[in-house]
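Here's the structure, in C-alpha cells; my notes come after.
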Amino acid sequence: MNILVIGSGGREHTIAWKLSQSKRCKNLYIAPGNAGTEKVAQNVNIGVSDFEGLKNLIIEKNISLVIVGPEAPLVDGIRPYLLSDNRLKELKIVGPGKEGAMLEGSKDYAKQFMVKHGIPTAGSKTFTKETLSDAKEYLKIVKMPIVLKADGLAAGKGVIICQNLKTATATIDKMLAKAMFGDASKMVVIEEFLSGIELSVFVLTDGNSYKVLPEAKDYKPIGENNTGPNTGGMGSVSPVNFAQGDFLKKVEDSIIIPTINGLKSDNIDYLGFIFIGLMNVKGEPYVIEYNVRMGDPETQVVIPRIKSDLVELMVATTTGTLSEVELEIDDKTASAVVMVAGGYPEKYEKGDSIHGLDLEVDGTVIFHAGTKKSEGNIFTNGGRVLAVTGIGNSMQESLDKSYGLVSKIYWDNVYFRKDIGHDLMTLA
Ligand code: AMP
Ligand code: GLY
C-alpha cells in the first residue's frame with residue numbers, strides 16, 4: 001500500500017524507517033521530511049499545516065494510510081478535514097479527531113477528563129484573565145513549589161515551575177494578563193508539584209482495544225545532570241529499569257484502562273498513539289500529561305524495540321482489529337543521544353556541514369531531525385539535528401554504541417549531553 005508520514009523530525013524519520021521495512025509498504029512518502037528520510041521514503045515538500053496540499057498529495061499518489069507525527073495538525077483537525085472529502089472516505093489515518101486531540105491541546109480539558117474518570121493526577125485549578133485575582137489568592141494558600149501550565153499548545157515551553165509565591169504571582173500575571181504564550185496562556189492550570197522520577201508510557205489504540213508499547217525516559221534539560229533550560233529532548237532510553245513489573249501493572253490498571261474506557265464512554269473518536277507522561281511518586285504512578293502522538297526522541301528508542309510489522313500495527317489501529325495482531329517487543333536496551341546545534345534551545349546557527357554521517361556501525365541507527373541536503377552535502381537545519389540510537393544487551397552496551405558513533409559525527413558547534421542513561425545505571 002502507499003503510505004504517507006506527516007512531519008519532519010527524528011520521530012517521523014524513525015516511523016518511516018520502520019514502515020519501510022514492511023513487505024506491505026509499496027510507496028512511502030513523507031511530508032516534508034528531512035535529509036535523512038530521503039533514504040527510506042520520498043520527501044514531498046508540503047508543510048504539516050498545509051491541509052489542502054496534503055489532501056491533494058493523498059489523492060494524487062493513491063495513498064491509503066496516513067500517520068500524523070506531530071500534535072499541531074491533529075489539534076487543528078486534520079483527521080476530520082481529510083475524512084470530510086468524499087474521495088477519502090476509506091482513508092486510514094493514525095491519529096485522533098479534534099476532540100481526542102484536546103487531551104494534548106488543552107491541559108484543562110485533560111484535567112477534567114482525568115478527574116471524571118478517576119485517573120491519578122496532581123490536584124489542580126484552572127484560571128483565566130477574568131479570574132486572575134482569584135488565581136493570585138489561590139497561590140497564597142498552595143504549597144510551593146507550584147506548577148503553572150499554559151492551557152494550549154506552547155511548543156513544550158508552557159510549563160513553569162515556581163519555587164515561591166513572589167515568582168508564582170509574577171508568572172501568573174505574565175501568562176494571563178500579558179499573554180506570555182499568546183493564545184495558549186488564555187487559560188492557566190495551577191497544579192500541585194509532584195516529586196518523583198518521570199517516565200513515559202506509549203499506548204496504541206484502535207478505539208476499543210489497546211497495546212502497550214515499550215516505555216521510555218527522556219532527558220529534557222540542555223545540561224548534564226538535568227541542568228539548564230528545557231529542550232524538546234536531549235536523549236532517551238528504553239526500557240526504564242525502575243518501572244517494571246508491579247509498577248507497569250499499576251499504570252495499566254489505574255491509568256491505561258480507565259483512559260481507554262473513558263474515551264469510549266465519552267464517545268470520543270480516538271485511534272492512534274497515546275503518550276502518557278508519568279511521575280513515579282514513591283511507587284505510585286500519576287499522569288503529568290497526555291500527548292496524542294509519539295514522543296521525540298522517545299520514538300527513536302521505542303520503535304527500534306518493536307519487532308512486529310509496523311504497517312500491520314498501523315492498519316489494525318485504523319480498522320478496529322488491534323486485538324488480532326501480535327505485538328512482539330525486543331528485550332534489548334535502546335538509547336538515543338540527541339546531537340544539537342550549539343546555543344540551542346536559545347539562538348543557534350544553521351547551515352553547518354555535517355561530517356561522519358556515512359559511517360555504518362552495527363547496532364546503531366542515525367535518525368535525522370534538523371538536517372537539509374544541498375548539492376550532495378548534508379547541513380544542519382534546526383536546533384535538534386540528529387539522534388543516534390544504539391541497541392545492546394544492556395544499558396551500558398547500548399550507550400557505548402550510541403556514544404561510539406556520536407564521537408565520530410561532527411560539525412562546527414555540535415553539542416550533546418554526555419550523561420544520557422547514567423542516572424538509571426546508578427539506580428540499577
Ligand atoms: P509537560 O509539558 O506537561 O510535559 O511538562 C513539562 C515538564 O514539567 C514535565 O516533563 C515535568 O518535568 C514538569 N512537570 C509538569 N507537571 C509537573 C508536576 N505536576 N509536578 C512536577 N513537575 C511537573
Ligand atoms: N520528548 C517529549 C515530547 O515529545 O513531547
For [X], look at atom [atom1] and say whether over 12 heavy atoms of other residues, nucleotides or ligands are found less than 6.0 Å away.
X    : atom1 : value
K89  : NZ    : yes
K418 : NZ    : yes
Y286 : OH    : no
E349 : CD    : no
K264 : NZ    : yes

Rounded at 0.5 Å granularity, tell me how far [atom1] in [X] sits from [atom2] in [Y].
X    : Y    : atom1 : atom2 : value
H355 : W411 : NE2   : CH2   : 11.0 Å
T321 : L313 : OG1   : CG    : 10.0 Å
S308 : L310 : OG    : CG    : 9.0 Å
N381 : I354 : CG    : CD1   : 9.0 Å
N45  : I30  : CG    : CD1   : 12.0 Å

Inset, instruction - Can you sort out the partners of F127 under ring pair (Phe, Tyr, Trp, His ring centres under 6.0 Å), two or more places apart, ordered by chain and number? - result: Y138
Inset, instruction - Please name all residues satisfying ring pair (Phe, Tyr, Trp, His ring centres under 6.0 Å) with F113, sequence neighbours left out, ordered by chain then number. - result: H117
Legend entry - Over all atoms of both residues, closest heavy-atom pair of I3 and I67: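 That closest heavy-atom pairing would be CG2-CD1, 4.0 Å.
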Inset, instruction - Check A216 against V302 and note the closest heavy-atom contact, atom names and distance. - result: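 Residues A216 and V302, closest heavy atoms: CB-CG2, 4.0 Å.
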Suppose we screen for salt bridge (Lys or Arg N to Asp or Glu O under 4.0 Å). Which residues come up paired with [X], at least two apart in sequence or across chains?
X    : value
K332 : none
D296 : R384
K98  : none
E328 : K307

Inset, instruction - Can you spot which of I260, V203, I119, V201 makes a side-chain contact (heavy atoms from CB on, under 4.5 Å) with I255? - result: I119
Legend entry - Pairs involving residues 59-81, ordered by first then second residue, that meet salt bridge (Lys or Arg N to Asp or Glu O under 4.0 Å) (sequence neighbours left out): E71-R293, R79-D269
Legend entry - Contacts of S8 that satisfy side chain to side chain contact (heavy atoms under 4.5 Å, CB included) - sequence neighbours left out: P32
Holding to side-chain hydrogen bond (donor to acceptor under 3.5 Å, both in side chains), I want the full list of residues that pass it with [X], two or more places apart in sequence or in another chain.
X    : value
S106 : D151
S398 : S335
Q112 : D108
T121 : K111

Inset, instruction - Determine the interplanar angle of the Y81 and F51 rings, folded into 0 to 90°, and report it as parallel if under 30°, tilted if 30 to 60°, perpendicular if over 60°. - result: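 Ring orientation of Y81 relative to F51: tilted.
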Inset, instruction - Compare all side-chain heavy atoms of V385 with those of Y348 and state whether any distance is below 4.5 angstrom. - result: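 Answer no - side chains too far apart.
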Legend entry - Any side-chain heavy-atom pair of K350 and F379 under 4.5 Å: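 Side chain of K350 against side chain of F379, heavy atoms only: no contact under 4.5 Å found.
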Inset, instruction - Report the residue from Y290, F275, F273 that forms a ring-ring contact (aromatic ring centres under 6.0 Å, His included) with F202. - result: F275
Legend entry - Side-chain donor-acceptor pair present, K157, N230, cut-off under 3.5 Å: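 No pair is found: no donor N or O on one side chain lies under 3.5 Å from an acceptor on the other.
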Legend entry - Test item: K116 side-chain N/O and D266 main-chain N/O as donor-acceptor pair under 3.5 Å: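 Not a single qualifying donor-acceptor pair exists.
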Inset, instruction - Would you kindly check if the NZ (Lys) or CZ (Arg) of K217 is within the cone defined by 45 degrees around the ring axis of Y219 and under 6.0 Å from the six-membered ring centre? - result: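 Yes.
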